[in-house]
Visitor: 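Got a structure for you, written out below as C-alpha cells; questions coming shortly.
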Protein chains: 2
Amino acid sequence: MSNSHRMTVREMARLAGVSVATVSRVFNGTGQVSEEMRQRVLESIKAHGYQPDHRGRALAARRHNAIGLVFPGLAGPYFGELIQGFELEVVQSQAAVHILCTHMRSDSDEQVIEMARRVDGLAVLGGTVSDDAVLRLAGALPVVVLAGKGPGAVPSIRAENHDAMRALTTHLLETHGLRDLIFVGSPDGSPDISERWDGFRAAHRDTGRAQRRRPVRAALRQEDGVQVATQLLKRGPLPQAIVCANDETALGVLVGLLGAGVRVPEDVVITGFDDVQMAGLVAPALTTVRQPIRELAAETARQLLRASTDPPQSRLLPTELVIRRSCGCAGARNTTGDPARRDP
Amino acid sequence: MSNSHRMTVREMARLAGVSVATVSRVFNGTGQVSEEMRQRVLESIKAHGYQPDHRGRALAARRHNAIGLVFPGLAGPYFGELIQGFELEVVQSQAAVHILCTHMRSDSDEQVIEMARRVDGLAVLGGTVSDDAVLRLAGALPVVVLAGKGPGAVPSIRAENHDAMRALTTHLLETHGLRDLIFVGSPDGSPDISERWDGFRAAHRDTGRAQRRRPVRAALRQEDGVQVATQLLKRGPLPQAIVCANDETALGVLVGLLGAGVRVPEDVVITGFDDVQMAGLVAPALTTVRQPIRELAAETARQLLRASTDPPQSRLLPTELVIRRSCGCAGARNTTGDPARRDP
DNA sequence: TTGAAAGCGGTACCAC
DNA sequence: GTGGTACCGCTTTCAA
C-alpha cells in the first residue's frame, strides 16, 4: 500500500521475483506473458502501489502524453466552455493538458514555441499566434487551429460563421425591414469575427441595401459591450439595430442600454452570436446564432489525441440561427443553418 | 538554425568537438568552463539551434518543471482572472501549467492524484478536492489551497471574506436601516462562500437584528443569478436587500430584476462580492467587496514555484469594501478593510 | 578545466 | 514465455 515513493520497475521486478521486462509487459498489456506470471506481477503491483514514472515513459517512448492549448486569455463563458470541452476530452484519454495564455504579449510566439517542445500536439486559438509561427510549429508537431483558419495546410476546426451571420442580418433587413444596422466587433481581431463581419456585409449586398455605418471596434467581453453602449448613446441617434460579434458584447450592450432607459427591441434591436447560456435568460432574450463551442474544442482535442496515427483534418461545424425577442420577433423559433461539412 | 530536429547533447558535443558534460555545463551555466570552450560551445549551440529535451532533463533532475492547477470548471471572469494570474507567473518562470477541471465529477479525486504525478506542485481551488485527497497529495508534493482553507497543515492563500462581508452587511443594516436581507449562495458550496455567509450572520448578531430568511442556494454563475431573480419574484414580496455571494450572481440577479421592471436600489438593494470589472459598469453600479483575484493566484504560483527550497506559507490577502449605487448610496466611496496579514 | 561513465525510470529488442 | 541489456537524452559525479 501507498509506499509508492521510490518504487521503480527494477524494485518491482525484484519484489515480484521477475525481470523488469516482464513487469513492463504486464503493466502495459504488451507482449506475451503466462497467466501465472501475470497474476503474480499484478498482485505485487497492487500490493506495493507501483505506478510507472511519467518521465521515464516519456523519454523511452519519445512522447509527452500531453497536449497544449493556446488562447489569448480568458474572461467569459466562451473561453470557459472551450477550455472545459478540451480538457474533458484530453483527460479522458489519460493525457495532460498544458495551457498558455498569450495575454496579447508581443513575445508570445516564442512562448508558444517553447511550449511546443513539451507536448505531443497543439491547439491554437485563431488569431492568437502569428501565421509564421503556426507554420513553423506545424512542421514540428501536429497543430490544429481552433476557431479560425490555419495558414497553409494547417488544419482547422471552426464553426460556420459567414452564412449564419448573413442569415441573421438578412432577417433584420428583410423580415423586420430595418435599414440602419451597426456592427460591433473588430473585423481584424480574430478570424471568427472577420467572417461574421463579411457575412454582415454580404447580407447588405444580397438585399441591395446600403450599409451606412462603419463597425464599432470592441473587444469581446461583456464590459466592452457596456462601454460600446455608452459610446453609442453619446454619439447621437441610435441605429435601428446593433449586431454584435458575440453574445458577451451583446449582453453588455443590452445591460448598458437598458440601464439608460432605452427599450429593447422597441427602440433598438440587439443581436449576438454564440448562444451562451445567458443569451436565453435575459429579458428580452437574445436573438443570436448557436455555435457548438464545447464540441469544437472536443473535436480539436480528439484530432490531436489521435494525431500520431491519423493526421488531423479540418472541420466546419454547423451553426444555427436562434430567433428570440431582442430582434423584435414575438415568439421564439429556430432556423437551421448549414449542416456539417468538410473544409475544401 | 532550425534543424533542431534530432539534435541531442551527444550530437552537439560531437559537432563542437567537446564532451557532453561540457555542453551541459555551458548550457546550464553550472560548473567551471573556460571562456574559450564556453564560446565555442555557445556558438555551436546557436548555430545548430540546440535545445535540450525536456524529458531527458526531467528524468535526470527528478522534477517536471511544471505545476498544476485544479479548479471546478470555469465560466465567468472570476476563474478567468484566477487562471491568468496563475499562468502568467508560472510561464515567466519557464515552467509549464497543467490544468484539471473537476467538473464536479465524482472520480475527480483520482484524476487529481494522477495529475500530481506529473507536476512539481499543485494548486487546488478550495472545495474542489476532498480533504482526504488533499492531505494525501500534500504528503507527496507541495500543495497549496487557493481560495479556501487547507485541511491540517496544508497552506492556503485566500482573501479575507468574513470581516468584509460583515462590514458590507452591517452597512446595509445600519447605514441604510434595512431589516429584511437575503443571502444568495451556497454556504456549503465552497470555503469562500461559507465564510461570507458567516460574516453575513455575524453582522446580524452584532447589530442585534434578527435574520429572517434562509439563504437561497445558487451556483456562482451569472445565469444562476438570473434564475434566482425569477424565483424570488415568483415567491412573493421581495426582500429589502439581496446580498449575493459573488458579483456574477449579483449581476444576474440585477439583470433579471431590471428586466422585470424592478427598480434598483429603490425597490430592492443588491450587493455582490469580488469587484469584477462589470460590477463598476452596470447601472446601478454594484456595491461589492474588492478581492485581489489575480494576486491570489499569482502568489499561489510563486509559493509553489519556490517550494523546492522554501516551503509554502499560508497567506490572507486583504479585501476592500466598495460602496457604489446598488446599495442605495448616492456617490461612490471606498472603505478599506483589513490589512494583509499571515494566517495563524 | 575537461571527459568518461554511471545513473534517472521505462521500454523493447534479442537471445535463450 | 522470459530475462538480460541496450537504449531514450540529460545531468552529475569522479578521475585525469
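Naming convention: chains lettered A, B, ... in sequence-line order (proteins, then strands); numbering from 1 in each chain.
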Visitor: Report the nucleotide, chosen from dT11(C), dT11(D), dG3(C), that has the shortest atom-to-atom distance to any side-chain atom of N28(B).
Guide: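 Of dT11(C), dT11(D), dG3(C), dT11(D) is nearest to the side chain of N28(B).
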Visitor: Can you tell me which nucleotide in dT11(C), dT2(C), dG10(C) comes closest to the side chain of Y50(A)?
Guide: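 Among dT11(C), dT2(C), dG10(C), the one nearest the side chain of Y50(A) is dG10(C).
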Visitor: Quick one: are S108(B) and T128(B) in side-chain contact, heavy atoms under 4.5 Å?
Guide: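 No, side chains not in contact.
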Visitor: Q32(B) has an atom CD; how far is it from atom P of dG3(C), in whole Å?
Guide: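 Atom-to-atom, Q32(B) to dG3(C), this comes out as 15 Å.
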Visitor: Side chain of A21(B) only, please: which of dG3(D), dA12(C), dA4(C) is the nearest?
Guide: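 Nearest nucleotide to the side chain: dA4(C).
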Visitor: Given dG9(C), dC10(D), dG10(C), which nucleotide is nearest the side-chain atoms of D53(B)?
Guide: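 The nucleotide sitting nearest to the side chain is dC10(D).
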Visitor: Given atom CZ of R14(A) and atom P of dG4(D), what is their separation to the nearest angstrom?
Guide: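 Interatomic distance, CZ of R14(A) to P of dG4(D): 14 Å.
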Visitor: Within less than 4.0 Å of OP1 or OP2 of dT11(D), is there a side-chain N or O belonging to S24(B)?
Guide: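 Looking at the OP1 and OP2 atoms of dT11(D), one of them is under 4.0 Å from a side-chain N or O of S24(B).
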Visitor: Using a cut-off of less than 4.0 Å, is there contact between a side-chain N or O of T22(A) and OP1 or OP2 of dG1(D)?
Guide: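 Result: no.
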Visitor: So, does R25(B) get its side chain near the phosphate of dT2(C), meaning an N or O under 4.0 Å from OP1 or OP2?
Guide: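 Checking dT2(C) against R25(B), no side-chain N or O comes under 4.0 Å of OP1 or OP2.
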Visitor: F27(A) CZ to dA12(C) C1': how many Å, rounded?
Guide: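 After rounding, the reported distance stands at 17 Å.
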Visitor: Is the ring pair Y50(B)/F27(B) parallel, tilted or perpendicular, if the boundaries are 30 and 60 degrees?
Guide: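 Plane angle over 60°, so perpendicular.
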Visitor: Assign V23(A) to base, sugar-phosphate, or nothing according to its heavy-atom contacts below 4.0 angstrom with the strands shown.
Guide: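 No contact.
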Visitor: Would you indicate which nucleotide in dT2(D), dG9(C), dG3(C) comes nearest to any side-chain atom of S34(A)?
Guide: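 The answer is dT2(D).
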Visitor: Whole angstrom is fine here: how far is it from NE2 in H64(A) over to C1' in dG10(C)?
Guide: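 Taking NE2 of H64(A) and C1' of dG10(C), I get 16 Å after rounding.
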Visitor: Tell me which nucleotide among dG9(D), dG9(C), dT2(C) gets nearest to the side chain of V9(B).
Guide: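 When the side chain of V9(B) is considered, dG9(D) is the closest of dG9(D), dG9(C), dT2(C).
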Visitor: State whether the distance check finds a donor on one side and an acceptor on the other, under 3.5 Å, for side chain R57(B) versus base dG9(D).
Guide: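 Not at all, since no donor on one side and acceptor on the other fall under 3.5 Å apart.
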Visitor: Which part of the nucleic acid, if any, lies within reach of V33(A) when heavy atoms closer than 4.0 Å are counted: base, sugar-phosphate only, or nothing?
Guide: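 The answer is sugar-phosphate, as V33(A) gets under 4.0 Å only of primed atoms, P, OP1 or OP2.
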Visitor: For R10(A) and dG10(C), what is the distance between atoms CZ and P respectively, to the nearest whole Å?
Guide: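 My rounded result for the distance is 8 Å.
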Visitor: Specify the separation, in whole Å, of atom CZ of R38(A) and atom C1' of dT2(D).
Guide: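 Value for this atom pair: 15 Å.
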Visitor: With the threshold set at 4.0 Å, does a side-chain nitrogen-carboxylate oxygen contact exist between E299(A) and R302(A)?
Guide: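 Yes.
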Visitor: Starting from P on dC8(C), measure out to CZ on R62(B) and report it in whole angstrom.
Guide: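 In whole Å, dC8(C) P lies 6 Å from R62(B) CZ.
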Visitor: From C-beta outward on S19(A), which listed nucleotide comes closest to its side chain: dA4(C), dC8(C), dG3(D)?
Guide: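 For the S19(A) side chain, the nearest candidate turns out to be dG3(D).
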Visitor: Nearest-Å distance, CD (E36(A)) to C1' (dT2(D))?
Guide: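 Rounding to the nearest Å, CD of E36(A) and C1' of dT2(D) are 12 Å apart.
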Visitor: May I ask you to decide whether R14(A) forms a salt bridge with E11(A), counting only side-chain N to carboxylate O separations under 4.0 Å?
Guide: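 Answer for the salt bridge query: yes.
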Visitor: Could R117(A) and E114(A) be called an ion pair, given the rule that one side-chain N must be under 4.0 Å from one carboxylate O?
Guide: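 Answer for the salt bridge query: yes.
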Visitor: Among residues at least two apart in sequence or on other chains, which ones pass side chain to side chain donor-acceptor pair (under 3.5 Å) with T22(A)?
Guide: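 Result, side chain to side chain donor-acceptor pair (under 3.5 Å) vs T22(A): S19(A).
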Visitor: Determine the contact category for R55(B): base if any of its heavy atoms lies under 4.0 Å from a base atom, sugar-phosphate if only primed atoms, P, OP1 or OP2 are that close, otherwise nothing.
Guide: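 Answer is nothing: R55(B) stays at 4.0 Å or more from every strand.
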Visitor: Between V20(B) and A60(B), which has a closest nucleotide on DNA chain C that is more 5'?
Guide: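 Result of the comparison: V20(B).
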